[in-house]
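Let me begin by presenting the structure, written as structure tokens, before commenting on it.
Proteins get letters first, then strands, A, B, ... in listed order; numbering begins at 1 in each. It should be emphasised that the depicted structure is a prediction, and the values quoted were computed from it without experimental measurement.
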Amino acid sequence: MDFRFTPEQEAAREEYDAFFDEVMKEAPENWLGTLEDVYSTKEGNDFHRRVARMLGEKGWLTMVWPKEYGGQEATRVAQLIFLESMGEHGAPGYDTQGVGMLAPTLIRHASEEIKREFLPPIARGEVTVCQAWSEPNAGSDLAALTTRAVEDGDDFVLNGQKTWTSGAHFADFMYVIARTNPEELRHRGLSYFVLNMKETPGLTIRPVLSMDGHHLWDEVFFDDARIPKRNLVGEKNRGWYVVLSGMEHERSSLGGWVIECNQHLKKLVQFCQETNRGSEPLAKKPLVRHRLAQMAIEIEVGRSLQYRLAMLADQGALPMHEASAAKLYASELYTRFSETVMEILGLYGAVTHGSKWAPFLGTFEFLYQMAPGWELAAGSTEVQKNVIAQWGLEFPRPY
Amino acid sequence: MDFRFTPEQEAAREEYDAFFDEVMKEAPENWLGTLEDVYSTKEGNDFHRRVARMLGEKGWLTMVWPKEYGGQEATRVAQLIFLESMGEHGAPGYDTQGVGMLAPTLIRHASEEIKREFLPPIARGEVTVCQAWSEPNAGSDLAALTTRAVEDGDDFVLNGQKTWTSGAHFADFMYVIARTNPEELRHRGLSYFVLNMKETPGLTIRPVLSMDGHHLWDEVFFDDARIPKRNLVGEKNRGWYVVLSGMEHERSSLGGWVIECNQHLKKLVQFCQETNRGSEPLAKKPLVRHRLAQMAIEIEVGRSLQYRLAMLADQGALPMHEASAAKLYASELYTRFSETVMEILGLYGAVTHGSKWAPFLGTFEFLYQMAPGWELAAGSTEVQKNVIAQWGLEFPRPY
Amino acid sequence: MNIAFTEEQEMLRTSARDFVEKECPARLVRQIEESEGGYSPELWRKMADLGWMGLVIPEEYGGVGGSFLDLLLLIEEMGRGCLPGPFLSTLVLGALPIMAAGTAEQKEEFLPKIAQGEMILALALTEPSARWDAASIAVGAVSEKEQYIINGTKLFIEYAHIADYLLCVARTKDAPTGRGEDGLSLFLVDARSPGLKCTPFKTIGSVPQCEVVFDNVVVPAKNMLGERDRGWPVVKDMLERGAIAKCAESIGGARQVVEMTVAYAKERVAYGRTIASFQTVQHMCVSMLSYADTARNITYEAAWRLSEGLPCAKQVASAKAWASEAYERITKMGAHLHGAIGFTRDHDLGLYYRRAKAATLAFGDPDHQREVVAREIGL
Amino acid sequence: MNIAFTEEQEMLRTSARDFVEKECPARLVRQIEESEGGYSPELWRKMADLGWMGLVIPEEYGGVGGSFLDLLLLIEEMGRGCLPGPFLSTLVLGALPIMAAGTAEQKEEFLPKIAQGEMILALALTEPSARWDAASIAVGAVSEKEQYIINGTKLFIEYAHIADYLLCVARTKDAPTGRGEDGLSLFLVDARSPGLKCTPFKTIGSVPQCEVVFDNVVVPAKNMLGERDRGWPVVKDMLERGAIAKCAESIGGARQVVEMTVAYAKERVAYGRTIASFQTVQHMCVSMLSYADTARNITYEAAWRLSEGLPCAKQVASAKAWASEAYERITKMGAHLHGAIGFTRDHDLGLYYRRAKAATLAFGDPDHQREVVAREIGL
């Protein structure tokens, strides 16, 4: 047992910190350090892309990729150190959907041709990627999806509707799961595709605004959208297995919330020291101390879980239910954190972005509305618990 | 809408208070005001019986009974006023199993002969009653019970084992549910009996100690135990419907916990004012204030729920799921309360009854162990939620 | 003891529910939210025409002399439909205190206009300290001849920017004690007074709040409501009624969310069956129902005590703390059970979700209420 | 970075688990609980024969020089089997501070006896104030020639009545500051000293605690552990190690309860199927597993930092708060899922349920730990 960073890791961390310190000086005004920054405004997305290219140049987007695709085959721990530094700075540039989800899937399942087409721009940070999986009637139960893909000459022709596609309005590439064999039910008969959105006719993107009014998600409509056959990833009708391997990546990479909470917590501590309500600073009030300390504890627990996951992955032994447990913990922490902050901020916490009276530019007013949504994204709390029950505890499928 | 007590009710409440003030002067030393007092020691049980007889004489045990069986047909609200006064004094004397459960069941389902035999001693407070329902393999799923009752001449002959029978070791009467038709599955083929334990051969009682070492429960063994046929309550093989009507009474009468918590809360407030830990009384500590106030709020909510239930019952409209909701709320409150007190008492709270260092004679050390058990008794939390889901929300039976 | 509403009250509820459903669909709620004023003058007029503004105002002033409980019923139904507008503010925080503490002239001047829907009031109480206690009031009023000069800043004042009059709580004497209850006075301030500046901002609950700066604002002495320096009991009563009214609004919304969610669960299919058939979904709905029912019980019990003039500080604080947290949990579970769609701007659930948080903060958050309860139980 | 234990550690764990299962079945645990001393001298001897008492003691004093992490592994396995006895007290609160702060003579005198299982130690720290901070220490020691005279009352002292020596924390100088960390000294007090009176009482965790009254108890000056007036850092380290050892004990018990409950759920039948097939039962078990796993992670991470001498006040306090609450919730859910039988004296679950509460209170309850964390994060 050894939780010490190697001298190389310590040095890397310092390099990352210095880099992000510098980069974040150029962040747009009102930068908050949440996903909303990247997806909601053109300005934020531009900054994200600028940083992404810099990260690409440094090779920091691809550290854990195999060397043959331009990676360094670094450990997950090494990558986590990078992601922590990024998270602590509230910096963008790392496209989870592209670098974290699509790329590992392509490396494992795609043809060489597709890898050569799609991996390099991701590695260079030149593109952003979106995931077209969920449908209006297929959320937690993804396998109920009905978007069709029919072979036609050299192409697949797609028809149907996706939704909750984060950032489709800024994305370049998209990966889709669609039904190629309508005779087969549920997870049988699905196939996985990757596509370049600019080169795909028949694609319509419409915004879905979140409760607080931000534009993160989109609906995606396929109207006879044509994708070359070579864009099939994995075998036809066996796309579900490609999806599953991606899910694991997604769930295990979502610990970013823990780091985001830690970044917010530090700001809050300072705020509570500087802010009087009544006769003393908030920081002196026992209930405030109690609540923030509990958050610090839960963040510590979550951080410990992230490192455990990274170490298990490095040992080549990351069971599916461990990834689910980490996603579950992080998403619930994110919600509790957003609630706790609102309890502390009181009336001020409810003031919306745009008023001088909104502390932290209104971050927590919208986090309070956004955070619990992550208990649904990437597999709802119930789905994660089912996975853990069945894979981690060997329970039967529940009634 | 009118929550005012009538002048008669106000006067009655004063009478009850005065009565219990007087009676409780004779309580045994170390009297705590919980169920354990009555069932755990001979001395406690004797005191209970003494008070029960006095209540019987006053007619307070039977206020809501029909006049033809010696009752006054009083409202449930009137009865609740009595029970509140009793609860606030931590006084015994009201045998929930006899007065609250068995008697209403007999009045509704039993033959005149049985009513004449069993009701008067209950009304006079001369007997205590126990419930032989649960079995080692039939708890939440009561309908899985296997105790057999076979007709033989003028008798039923019972064989089998019951458990979690509260207070059987002091009881006079018992009511039993047993299988009379083994061909029928589950709730079909069950019958309901009442019996005089002194007159029933073949009955063996063995203690089951609770986690904290108190003797509340018993195992009951029937070895060719003979009960006269006339002791059948309701129709043969249709005992389940008798059980159900009793359950409702049981669940709606369990709000006593709310009152018990209120009684404890008052003592705790005083304790916190008088007790210094560090430089100030516990009562000045914001976390203590926060926690006790939250308990006061939840007790207030629970009390309001009790009165609602009584008023609905008086209007003849007490839906099954309302009784379940009240039981569910009260039992969960009881657990939270026991946890909260332990948080406040700290190291002292863990000291067991018998040491001078145990505050409140160690009440909360054992309540902490006992209280969560009530989330299982009289239908577990899960069972109550299923009832509410199906009857209150018209949901289908869950998978 | 009787838990039922009267037949008249049930009729009032039915007609209110019909009105809200018909005249204030979610589409209109959203429109109003986006508007500058945060209310619809047309809708306000329609409500006035139904006599709602005069519901609790005595007949002699053009109202119908209804009870506080009647008013709560109405507010519950408005909460059910998220009907936006300064109703609570004008009636509960405006008309009721004027009825309780106003002079004959003040009643004559204000109540008929309120009853006719021609006057909007706002309570200017809270300040940048963001607290609801007497000690936190720093805005001062100095008397000069037949008038008072008010200076200072009020914050989080709902609907101040569209109000005709502000009911301003100001310090007319330095308080000797720490709790500061002595030395406060109330003023009915014409919103068009020179030196008064309102700056609205948006909040999570979609109700516009304002920063209100008083810069040597002159108020005639006859506009003082109640006795000089002894305004706190009036404010305290107002806060208790406001808290209970907010509870009523909350339980209206809470019940609607429970109904929406239960209906959705019975309809939404996943894994080849309705999600209503999953035990975890059922149990979550049961928790929602339990919160809604208990919140409603305790709200009306406290409301009844309040309207009967019985001691009720503990009950009101308990109701406010419980109903707020119940509403928040209900909307949170409701949104979760709706799946991602519950977190979108287009879905009605968000309207309730956001109002639940705003309701929690209004008239003292649960921490504030617990402190009240702590004092009431003798801590 | 490496999360795995060494092969030697895994072997130690296996042999410890075998020993506990074989030599300390639940039946014996109950017997010991009922006994006066609260431990079994036979079992203690067997453990000593296995070398457990000497595990962390340097070879020169008859031990095997193992690490703190080795010790935690052992304690985790004891927690798994609820093995009663003064092991944590003697080793973590006795041997380790003597190794860290003792003089050569003290080491010579105490360590070999401890290693051979011939000496039991108890930490006499807490007092009727029931707190774990320096300021709460009121028991005083006055120097007189070559000795100290101790007076005052210690309370909640585990195993004091069977200890050979008490490690007593006493005030040797009035502290100038409010936190009282200055002016504390530690003394190794012979339990047979005249004037020393131990009165044991029972507690929820079944570990006997004592009131220890010092009535002019004389201690030779050579029995002072560490520097005079500067004892607090030694105590602080002891409390941190004690807290982490208690976490280790807790996670051992917690894992056992998860395993017991999952196995029971797969076996117990209700409504014609195993209760493991109900979604609510599954999800409750998942919560239990999550608590157990997270508590274990954070415990060993904090333990590692502690044993490496890295700053770890925040991590230790976090681990203690989280592991305590996790153990409590796990035992509560475990008891619930076992049904009524889980609440009986005869069922093993109660052993864990009661110890979980005791573990929460030991070395500072979660409120205490949160206050430590609050300070550490800069509040």
Side-chain angles (χ1 to χ4, degrees), chain B residues 134 136-144 163-164 185-186 207-215 217 276-279 285 287-288 335 339 342-358 362 364-366 368-370 372-377 380-382 385-386 398-399, chain D residues 126 128-133 135-136 155-156 178 199-207 209 211 268-273 275 277-281 284 328 331-333 335-347 349-351 353-354 357-358 360-362 364-368 370-371:
Chain B
S134 295
N137 288 308
S140 282
D141 181 18
L142 180 58
T163 190
W164 320 125
L185 288 174
R186 302 190 50 78
V208 177
L209 297 193
S210 62
M211 193 192 288
D212 61 300
H214 279 80
H215 178 193
W217 303 311
N276 273 21
R277 296 277 164 77
S279 53
K285 290 186 184 287
L287 277 173
V288 170
T335 295
E339 292 167 348
M342 289 294 268
E343 283 169 1
I344 292 172
L345 296 180
L347 286 165
Y348 283 96
V351 180
T352 307
H353 180 69
S355 162
K356 68 170 175 175
W357 297 105
F364 297 106
E365 188 263 345
F366 79 71
Y368 182 80
Q369 297 170 65
M370 288 300 302
W374 293 107
E375 291 181 56
L376 295 163
S380 71
T381 295
E382 288 72 23
K385 286 185 179 171
N386 289 345
Y399 284 89
Chain D
T126 46
S129 67
R131 290 164 54 193
W132 299 88
D133 59 335
S136 69
L155 197 60
F156 310 112
T199 316
F201 49 86
K202 297 207 168 201
T203 66
I204 195 169
S206 302
V207 171
Q209 293 181 349
E211 178 192 12
R268 170 78 183 183
V269 172
Y271 303 101
R273 54 206 203 210
I275 63 170
S277 66
F278 291 98
Q279 202 185 16
T280 51
V281 172
M284 214 184 267
E328 281 197 50
T331 51
K332 208 150 253 189
M333 289 189 272
H336 186 80
L337 288 176
H338 273 80
I341 202 165
F343 287 90
T344 59
R345 195 75 180 173
D346 280 349
H347 197 279
L349 227 149
L351 300 177
Y353 186 98
R354 289 183 280 118
K357 176 44 86 181
T360 292
L361 297 167
D365 66 10
D367 282 347
H368 172 92
R370 276 185 285 264
E371 186 49 36

*Contact part of D133(D) toward chain B, heavy-atom cut-off under 4.5 Å: side chain, backbone, both or neither?*
neither
_Looking only at the aromatic ring of each residue, does the gap between the centers of F366(B) and H353(B) stay below 6.0 angstrom?_
no
*Take E365(B) and K357(D) through the test salt bridge (Lys or Arg N to Asp or Glu O under 4.0 Å) and record every step on the way to the result.*
CA-CA 10 Å; E365(B) 188 263 345; K357(D) 176 44 86 181; over 6 Å; no
*Engaged part of I275(D) at the chain B interface, taking heavy atoms whose separation is under 4.5 Å*: neither
*How far does OG1 of T331(D) sit from CE of M211(B), to the nearest 0.5 angstrom?*
8.0 Å
*By a 4.5 Å heavy-atom criterion (distance strictly below it), what part of T344(D) contacts chain B: side chain, backbone, both, or neither?*
both
*What distance do S140(B) atom OG and N386(B) atom CG have between them, rounded to the nearest 0.5 Å?*
9.5 Å
*asked:* Can you tell me which portion of V208(B) sits under 4.5 Å from chain D's heavy atoms? Options are side chain, backbone, both or neither.
replied: side chain
*Name the option with the most non-hydrogen atom pairs under 4.5 Å to chain B; the candidates are H347(D), H368(D), R268(D), E328(D).*
R268(D)
*With respect to chain D, which residue among A143(B), A350(B), S355(B) yields the maximal number of heavy-atom pairs within a distance under 4.5 Å?*
A350(B)
*Would you check if there is a donor-acceptor pair between the side chains of R354(D) and S206(D) at a distance under 3.5 Å?*
yes
*asked:* Quick check on Y271(D) against chain B: is it the side chain, the backbone, both or neither that has a heavy atom closer than 4.5 Å?
replied: both
*Establish, yes or no, whether a centroid distance under 6.0 Å links the rings of Y348(B) and F364(B).*
no
_Residue P128(D) versus chain B: region with a heavy atom under 4.5 Å_ = both
*Return the option, out of A340(D), S129(D), A130(D), with the maximum number of heavy-atom pairs under 4.5 Å with chain B.*
A340(D)
*Side chain, backbone, both or neither: which part of K356(B) has a heavy atom under 4.5 Å from chain D?*
side chain
*Under the side-chain contact (heavy atoms from CB on, under 4.5 Å) criterion, do I204(D) and Y353(D) qualify, and how do the steps go?*
CA-CA 9 Å; I204(D) 195 169; Y353(D) 186 98; 5.8 Å; no
_Interface residue of largest heavy-atom contact number with chain D, from E343(B), E382(B), M370(B), under 4.5 Å_ = E382(B)
*Side chain, backbone, both or neither: which part of L287(B) has a heavy atom under 4.5 Å from chain D?*
side chain
_Between F201(D) and T352(B), is the side-chain contact (heavy atoms from CB on, under 4.5 Å) condition met? List the steps._
CA-CA 8 Å; F201(D) 49 86; T352(B) 307; over 6 Å; no
*So, S210(B) and Q369(B): side-chain donor and acceptor under 3.5 Å apart, yes or no?*
no
*With only heavy atoms counted, which part of A270(D) is less than 4.5 Å from chain B, the side chain, the backbone, both or neither?*
both
*Region of M333(D) in contact with chain B, defined by heavy-atom distances below 4.5 Å*: neither
*Do W164(B) and I341(D) come close enough that some side-chain heavy atom pair is under 4.5 Å?*
yes
*Heavy-atom distances under 4.5 Å only: say whether A144(B) touches chain D with side chain, backbone, both or neither.*
neither
*Between A358(B), P136(B), G362(B), S134(B), which shows the greatest number of heavy-atom pairs under 4.5 Å with chain D?*
P136(B)
